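Inspection log for the structure reproduced underneath, given as structure tokens.
Given the structure is predicted, the values throughout are model-derived calculations rather than measurements. Residue numbers start from 1 in every chain, and the chains themselves are labelled A, B, ... in the order their sequence lines are given, proteins ahead of strands.
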Amino acid sequence: MNNYLNNLNESQLKATLQTDGPMIVIAGAGSGKTRVLTYKIAHLMTKGVDPFNILALTFTNKAAREMKERISGIVGEEAKNLWMGTFHSVFAKILRIEAEKIGYSSNFTIYDTEDSQKLVLSVIKELNLDKEIYKYKNIYSRISSLKNSLITPKIYGQSDELIESDKLAKRSSFINVYVEYINRCFKAGVMDFDDLLLKTNELLSKSPNVLAKYQNLFKYILVDEYQDTNHSQYLIVKALSDKFQNICVVGDDAQSIYSFRGANIKNILNFQRDYHEVNVFRLEQNYRSTKNIVNAANSIIEKNENKLDKVVWTENETGSKINITRLLTDGEEGRFVASSIFESKMRNQYNNKDFVILYRTNAQSRAFEDSLRKKNIPYRVYGGLSFYQRKEIKDVLAYLRLIVNNSDEEAFKRIINFPARGIGQTSIDKLIIESKQRKISIYDVARNINESNLSIGLKIRNKISDFVLSIEKAKLMLKESNAFEITEEVIKSSGIYKLYKKEESLESINRIQNIEELLNGVQDFVDTQLYNSESKGTIEEFLQDVALVTDLDQDHENQDKVSLMTIHLAKGLEFPCVYIVGLEENLFPSAMNINSRDELEEERRLFYVALTRAQKEINISYVITRYRWGKLIDSEPSRFIDEIDEKYINILTPITSKKENLSFNNINRRFNRNKIRYNKPKPRIPSNYVKVNRASSKINLFDDNLVTGNIVSHVRFGKGEVLKLEGKGNDIRAEINFEKGGVKKLLLRFAKLKIIS
DNA sequence: TGCACCGATGTTTTT
DNA sequence: CATCGGTGCA
């Protein structure tokens with residue numbers, strides 16, 4: 001049982017065995033910090049600590065899930081009782097339990113960034129502010145950062161400095177927007193992302209009983225990626241750990257890349273000042289990468305002034321040098337990377353999933369998608385517009401949200417006239433004004449539309465009543481039905497499905513597929529809930545879950561595909577072969593972040609993160625001209641290329657370019673000399689191209705594979721024999737005789753069957 | 001009210 | 001370039 005500890009090196013072991021008191025683990029990239037966290041928790045549990053008393057906060061849900069699995073591997077099933085997840089998901093859970101204590105109902109819904117920004121925009125409009133000056137996105141991000149620093153309107157009002165700064169920006173009404181935004185969220189029974197942390201702080205500081213309850217509950221607290229916590233998160237951790245002081249934080253200041261989200265690197269730099277008698281552990285041996293990679297990364301991070309002392313080293317092989325390739329255009333860069341991956345696969349027997357393409361901005365993915373597709377290399381794009389942010393998905397979710405929480409204003413506004421049912425903006429505005437005056441939710445105004453004396457015509461009143469009725473009808477299902485049944489009902493009765501079904505454009509077919517994929521997801525959720533916990537998979541639980549999942553959290557590991565993602569998303573991941581693309585001034589480092597030392601250091605840390613994802617090979621590329629905002633612009637090589645110690649790099653000239661002997665030291669000079677105008681038209685994307693999405697990867701999986709007589713297994717019904725197949729395309733049904741449950745007819749696109757024989 | 005078209009506008013990174 | 005919001009017409 002205890003031999004799991006043999007897998008640790010000396011410093012890892014020390015960090016693992018130290019269980020009590022405040023401690024910090026400063027862990028270099030690839031030094032096994034996840035391993036330490038995992039074993040530490042397992043160790044605590046073997047020592048007899050109840051998993052219910054352990055709180056472990058991770059950066060992504062995926063990290064939490066994987067860690068849980070690994071802990072289960074050591075200590076067994078018990079691990080599922082750990083409190084483990086992201087800050088946002090764990091405290092959403094707690095807030096739901098304690099909601100009444102801060103005046104919320106426990107079925108509050110969560111606004112994502114889009115909802116929040118829309119609300120800010122309506123507030124700006126309602127207050128008659130000039131939207132040229134009050135840019136809603138800026139206002140929203142200001143609200144967000146104030147919240148993350150726990151600056152409420154009241155505190156704002158006491159700070160001359162803050163007031164003055166808004167005056168200077170000629171938007172002294174900012175505070176009015178802020179106040180109204182908060183009121184509206186509260187009245188809508190809604191929390192935004194930042195509220196999940198802010199309200200937790202509020203809860204803990206206002207209610208000593210609640211604080212004591214959770215202090216006693218969480219006897220051991222562990223925080224991963226501590227360098228990326230913001231002030232709000234910092235205070236929560238501080239409050240909760242105050243009693244037992246069994247707080248273990250793990251992080252790497254060199255990988256702090258989220259300051260734009262309020263992350264405060266000082267949290268990790270000052271940890272030793274914040275707690276008494278802190279045990280400090282350093283993990284400096286890297287097990288991930290070759291010597292070349294580790295050294296090259298070190299040579300980069302050395303350029304930063306602001307950092308903790310730490311020397312990352314490795315005993316791994318020397319490995320190959322980092323290849324740096326210059327290309328003419330972004331299109332050429334795409335083709336270069338695709339063929340390079342193709343060759344490397346052949347040469348080294350790599351799989352697709354051994355490769356990742358990392359870029360600074362999501363918009364860059366396009367060129368690589370095109371070229372990989374042409375070469376028939378399977379790939380998957382992470383991030384960007386995530387699945388749950390797609391319009392059709394958000395529409396369905398809005399119905400569900402409104403059913404669960406009638407007050408949800410943004411959900412209401414989103415769907416009151418979608419699909420179009422003849423309720424126009426003018427009528428909706430009247431409802432909103434009325435709701436403000438009477439201080440009730442818009443939904444309640446709509447519900448009592450016939451008793452009101454609003455100037456809305458009879459026809460439209462009836463349409464509003466019909467809408468309300470359909471929501472009320474769905475509400476009746478809440479108690480009886482699980483998330484899947486309700487979602488299915490909503491998709492049908494709302495008319496969303498019909499709408500896209502009858503329009504036969506590529507776009508709508510895609511939307512249908514996404515909606516079906518959502519149904520798959522809900523079914524999946526219900527099944528796992530039934531399996532993992534006592535809960536029955538209600539729609540409330542699903543909505544809570546869905547608001548906080550990200551693209552990365554989804555399981556796609558078994559698929560052999562090249563990954564494409566931003567460097568931010570890649571944190572914590574590792575790949576044998578890494579392509580870092582678009583290494584150009586104003587792109588990476590981003591033009592927004594080159595005006596101060598701090599900003600530039602964060603970009604440099606980002607580059608460090610990118611380099612340290614690699615196990616074996618790194619390929620860096622940059623281009624001379626790139627399409628940005630639809631225009632060709634000239635670029636210069638990133639300063640970061642110059643910063644890598646020359647010992648660790650190879651400068652390559654691609655075959656497609658002129659054979660020039662481009663020596664490293666005159667890259668910059670050369671570029672200033674030959675600013676090449678490159679006027680070749682951008683290659684067109686084939687017009688019959690449909691963006692590959694997740695829906696198409698799951699649906700119709702069995703069209704060609706399943707035949708009568710197959711033995712299959714189903715998540716709920718277990719094993720069964722396929723008796724008959726009927727229908728085609730999306731509507732293929734199988735009649736299956738299950739050992740448990742007898743004969744069922746299942747739509748193949750929903751029933752996730754595994755073929756056994 | 002709904003649809004078709006037009007011009008303005010914007011891209012950093014995300015829970 | 002691509003999306004979005006606004007405008008004008010049926």
Rounded to whole angstroms, how far apart are CD1 on A:I428 and P on B:dG2? 9 Å

Whole-Å distance between B:dA8 C1' and A:K631 NZ? 13 Å

Output the single nucleotide from B:dG10, B:dG2, B:dT15 whose closest atom is nearest the side chain of A:K135. B:dG10

Got a salt bridge between A:K394 and A:D112, using NZ or NE/NH1/NH2 to carboxylate O under 4.0 Å? yes

Would you say NZ of A:K303 has more than 12 non-hydrogen atoms from neighbouring residues, nucleotides or ligands within 6.0 angstrom? yes

Separation between CG (A:N201) and CD (A:Q233), nearest 0.5 Å, reads 10.0 Å

What is the distance from OH of A:Y140 to P of B:dG10, rounded to the nearest Å? 19 Å

Short N-O contact, A:R639 and A:E643, less than 4.0 angstrom: no

Nearest to the side chain of A:K131, heavy atoms from C-beta on, is which of B:dT13, C:dA2, C:dG6? C:dG6

Determine: side-chain N/O of A:S427 to OP1/OP2 of B:dT1, distance under 4.0 Å, yes or no. yes

Between A:I460 and A:F59, whichever has its closest DNA chain B nucleotide further toward 5' is A:I460

Measure from the ring centre of A:Y627 to the centre of the six-membered ring in the base of C:dC1, then say whether that distance is under 5.5 Å and the planes meet at under 30°. no

Do the side-chain N or O atoms of A:T426 get closer than 4.0 angstrom to the phosphate oxygens (OP1, OP2) of B:dT1? yes

Closest to the side chain of A:A420, out of B:dT11, B:dT14, B:dG2, is B:dG2

Atom-to-atom span, CD of A:Q425 to C1' of C:dC4 - whole angstrom: 15 Å

When A:Y226, A:Y258, A:F87 are each screened for ring-ring contact (aromatic ring centres under 6.0 Å, His included) with A:F59, the one that passes is A:Y258

Quick check: on DNA chain B, is the nucleotide nearest A:G424 upstream (toward 5') of the one nearest A:Q389, or the reverse? Name the residue that is more 5'. A:G424

Taking atom types as they are modelled, would you say the side chain of A:T113 forms a donor-acceptor pair with the base of B:dT15 within the 3.5 Å cutoff? yes

Could you check whether A:K137 gets within reach of a base, just the sugar-phosphate, or nothing at all, counting any heavy atom under 4.0 Å? sugar-phosphate

Could you please name the option among B:dT9, B:dT15, B:dG2 that lies closest to any side-chain atom of A:E132? B:dT9

Whole angstroms only, please: what is the NZ-P distance between A:K430 and B:dT1? 8 Å

Considering only heavy side-chain atoms of A:L569, the closest of B:dG2, B:dG10, B:dT15 is B:dT15

When we call it a touch if two heavy atoms are under 4.0 Å apart, what does A:F87 touch: a base, just sugar-phosphate, or nothing? nothing

Just to be sure I understand the rule, does A:D194 reach a base, reach only the sugar-phosphate, or reach nothing, if contact means heavy atoms closer than 4.0 Å? nothing

Figure out the CD/C1' separation between A:E603 and B:dT11, and round it to whole Å. 14 Å

I want to check one thing: is the phosphate of B:dT1, taken as OP1 and OP2, less than 4.0 Å away from some side-chain N or O of A:R421? no

Without decimals, in angstroms, what is the distance between A:L548 CG and B:dT15 P? 10 Å

Phosphate-side-chain proximity, A:N417 and B:dG2, N/O vs OP1/OP2 below 4.0 Å: yes

Please tell me if A:K459 has a side-chain N or O lying less than 4.0 Å from either OP1 or OP2 of B:dT1. no

From the list B:dT13, C:dG6, B:dT9, which nucleotide is the closest neighbour of the side chain of A:T566? B:dT13

Any A:N362 side-chain nitrogen or oxygen under 4.0 Å from OP1 or OP2 of B:dT14: yes

C1' spacing across the pair B:dT11 / C:dG6, given as an integer number of angstrom: 22 Å

Does the gap between the ring centers of A:Y359 and A:Y579 come in under 6.0 Å? no

Rounded to whole Å, CD of A:Q117 lies from P of B:dT15 at a distance of 15 Å

A:K391 near the nucleic acid: base, sugar-phosphate alone, or nothing, with a heavy-atom cut-off under 4.0 Å? nothing

Specify whether A:Y234 and A:H231 have parallel, tilted or perpendicular ring planes, treating 30° as the upper limit for parallel and 60° as the lower limit for perpendicular. parallel

